[in-house]
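Side-chain atoms are counted along with the backbone in the values below, which use heavy atoms only and exclude waters and symmetry mates.
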Amino acid sequence: MKLEQLLAECPKCGSKDKTVERKFLDEHKAHAEMKCIVCDKCGYVFETKEDEKE
């Protein structure tokens, strides 16, 4: 996700607060991979791990 997209308002509720959910890798306790980026207010999913691969 680009910085402009990260700073953009949510299309559902207009909030700018987002949370990046991560999954910690079992073999490397200090490393994680992104699961998704979610709006804090309404739960709208901006981007998932599968979107990043494309």
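Contact of the Pro11 side chain with the Tyr44 side chain is registered, since non-hydrogen atoms from C-beta on lie closer than 4.5 Å.
Between the side chain of Lys18 and the backbone N or O of Cys10, no donor-acceptor pair lies under 3.5 Å.
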Just list the side-chain donor-acceptor pairs under 3.5 Å for residues 32-43, sequence neighbours left out, or say none.
unit_1 : atom_1 : unit_2 : atom_2 : d
Glu33  : OE2    : Lys49  : NZ     : 2.9
Asp40  : OD1    : Thr19  : OG1    : 2.2

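Glu9 is linked by a side-chain contact (heavy atoms from CB on, under 4.5 Å) to Lys16, counting only residues two or more places apart in sequence or in another chain.
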